[in-house]
Peer 1: 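What follows is a structure written as structure tokens; I'll ask about it next.
Basis for what follows: all heavy atoms, side chains included, without hydrogens, waters or symmetry-related copies. One is the number of the first residue; the rest follow in order along the sequence.
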Amino acid sequence: MRKHHCHDARPMEMNNINNITIESARTLYDGSHIGNELLLIDDIENLPLPNGPRRMKCMLLGIFLKGNARYSVDTEEHVVKAGDMIIINEGNVIGNYTLSTDCEGIGILMSYDFFRETIKGMHELSQLFLFSRTHPVFTLMQKEITAIKAYFRAIKYKVDDKEHHFRTEVVRSFMMTMIYDISNAIYRRQSANDKRQTRAEAIFASFIKLVEKNFRHERRVGWYGEQLCITPKYLSETVKTVSKRTPMEWIDNYVTLEMRVMLRNTNMSIKEIAQVLHFPNQSFLGKFFKEHVGMSPTEYRKS
């Protein structure tokens, strides 16, 4: 049975939420947070869950410490027990929650931009997290659970230290270390996985590797199809099926993230960034950035 306090908590508010974002979750759960980028959940059993299916507009990492749970991701049901970790990715549709009355756990909700910026440059990790899109539940060893609980406490302590000038950077550093440990568990699961990677999963993984290497100068879906010896239509259908995103959305995501990093961490002019990322001109880059981020590159740099 679903826990009553989860089911009954603020039903009107839950029904008004169409997509699960950090912002919408914060209206229902008062946890340690960094703006609308990161929300820590000390007691996953008390997180109010919407009654119907909702699309994730952020990412959830969760560990179940007691009891069990059921939920669906894109209509596929998953069963979770104590010692299991779940990863629910941006774009997934989740629903059909059922929690046992003794359920306990911790969780971290983060925006996809926060996640991407945290693991930027760690290409092997991004490949491992792609594996989690098709294997969203896996069992941790006791020492891994102990380590992740310690990371969680350290992250929470630093998130709550609002006077710290480098709070976000320190939190991101702790997160990166924790993600290495989680990725090691994923790697172990991937290595032991008897199920052969499907052709669709193999194409998607190859596509992402190509994008990571070439997005700065190549943004045509057709070009990526040519490299993989498949038609753009087949590539689009395959990538959308596996990841719930189109190839163009993935390419744009990498480009936008690179722009954010350059604007935040370098003194390069917007004209120079446009040249590095092979945009026709500064104006074209500005229009692209505003469309994807909601503000101009100059506004973003000042913010």
Peer 1: Would F174 and M178 count as a side chain to side chain contact (heavy atoms under 4.5 Å, CB included) here? Give the steps.
Peer 2: CA-CA 6 Å; F174 281 145; M178 183 183 73; over 6 Å; no
Peer 1: So how far is it from F152 CZ to I108 CD1, rounded to the nearest 0.5 Å?
Peer 2: 6.0 Å
Peer 1: Taking all atoms of both residues into account, what is the closest heavy-atom pair of T246 and V239, and its distance?
Peer 2: C-CG1, 4.1 Å
Peer 1: Is it true that the side chains of S296 and K290 contain a donor and an acceptor less than 3.5 Å apart?
Peer 2: no
Peer 1: If the condition is side chain to side chain donor-acceptor pair (under 3.5 Å), which residues does S111 pass it with, not counting sequence neighbours?
Peer 2: E37
Peer 1: Is a side-chain donor-acceptor pair under 3.5 Å present for T21 with N19?
Peer 2: no
Peer 1: Between N68 and V80, is there a side-chain heavy-atom distance shorter than 4.5 Å?
Peer 2: no
Peer 1: Test side chain to side chain contact (heavy atoms under 4.5 Å, CB included) on E104 and I44; report intermediate values, then the result.
Peer 2: CA-CA 6 Å; E104 289 181 14; I44 213 166; over 6 Å; no
Peer 1: Centre-to-centre under 6.0 Å for F207 and Y224, is that the case here?
Peer 2: yes
Peer 1: A side-chain contact here means heavy atoms from C-beta on lying under 4.5 Å apart; do I63 and L65 qualify?
Peer 2: yes
Peer 1: Just by distance, with hydrogens left out, do T238 and T241 show a side-chain donor and acceptor under 3.5 Å apart?
Peer 2: no
Peer 1: Compare all side-chain heavy atoms of I270 with those of P297 and state whether any distance is below 4.5 angstrom.
Peer 2: yes
Peer 1: Over 60° means perpendicular and under 30° means parallel, so classify the ring planes of F166 and H164, tilted if in between.
Peer 2: perpendicular
Peer 1: For a 4.5 angstrom cut-off between non-hydrogen side-chain atoms, does N253 reach R116?
Peer 2: yes
Peer 1: Side chains of I119 and M176: closer than 4.5 Å at any heavy-atom pair?
Peer 2: no
Peer 1: Does any non-hydrogen side-chain atom of N96 lie less than 4.5 Å from one of R70?
Peer 2: no
Peer 1: Out of curiosity, H33 NE2 to E23 CD, how far, rounded to the nearest 0.5 Å?
Peer 2: 11.0 Å
Peer 1: Among residues at least two apart in sequence or on other chains, which ones pass side chain to side chain contact (heavy atoms under 4.5 Å, CB included) with A185?
Peer 2: F138, L140, E144, R188
Peer 1: Would K156 and D42 satisfy salt bridge (charged side-chain N to carboxylate O under 4.0 Å, His left out), going step by step from the backbone distance to the final call?
Peer 2: CA-CA 9 Å; K156 179 177 167 58; D42 296 86; 3.8 Å; yes
Peer 1: Determine, stepwise, if the pair M56 / L109 fulfils side chain to side chain contact (heavy atoms under 4.5 Å, CB included).
Peer 2: CA-CA 10 Å; M56 292 289 290; L109 275 173; 4.0 Å; yes
Peer 1: Begin from the C-alpha positions of M59 and I87 and carry the test side chain to side chain contact (heavy atoms under 4.5 Å, CB included) through to its verdict.
Peer 2: CA-CA 7 Å; M59 187 174 190; I87 299 178; 3.9 Å; yes
Peer 1: Drop me the distance from E258's CD to E117's CD, to the nearest 0.5 angstrom.
Peer 2: 10.5 Å
Peer 1: With no hydrogens and no angle check, do the side chains of Y29 and N46 hold a donor and an acceptor under 3.5 Å apart?
Peer 2: no
Peer 1: Does the side chain of K81 pick up a donor-acceptor pair with the side chain of T139 at under 3.5 Å?
Peer 2: yes
Peer 1: Got W250 and V221 here, is their nearest side-chain heavy-atom distance under 4.5 Å?
Peer 2: no
Peer 1: Using only heavy-atom distances, determine whether the side chains of E212 and Y254 contain a donor-acceptor pair under 3.5 Å.
Peer 2: yes
Peer 1: Quick one: side chains of residues 273-281, donor-acceptor pairs under 3.5 Å with protein atoms, not counting sequence neighbours, listed by atom name and distance.
Peer 2:
unit_1	atom_1	unit_2	atom_2	d
H278	ND1	R216	O	3.1
H278	ND1	V276	O	3.2
N281	OD1	S283	N	3.1
N281	OD1	F284	N	2.7

Peer 1: Report yes if the side chains of F288 and T256 come closer than 4.5 Å at any heavy-atom pair, otherwise no.
Peer 2: yes
Peer 1: Please report the interatomic distance CD(E272) to CG(L285), rounded to the nearest 0.5 Å.
Peer 2: 12.5 Å
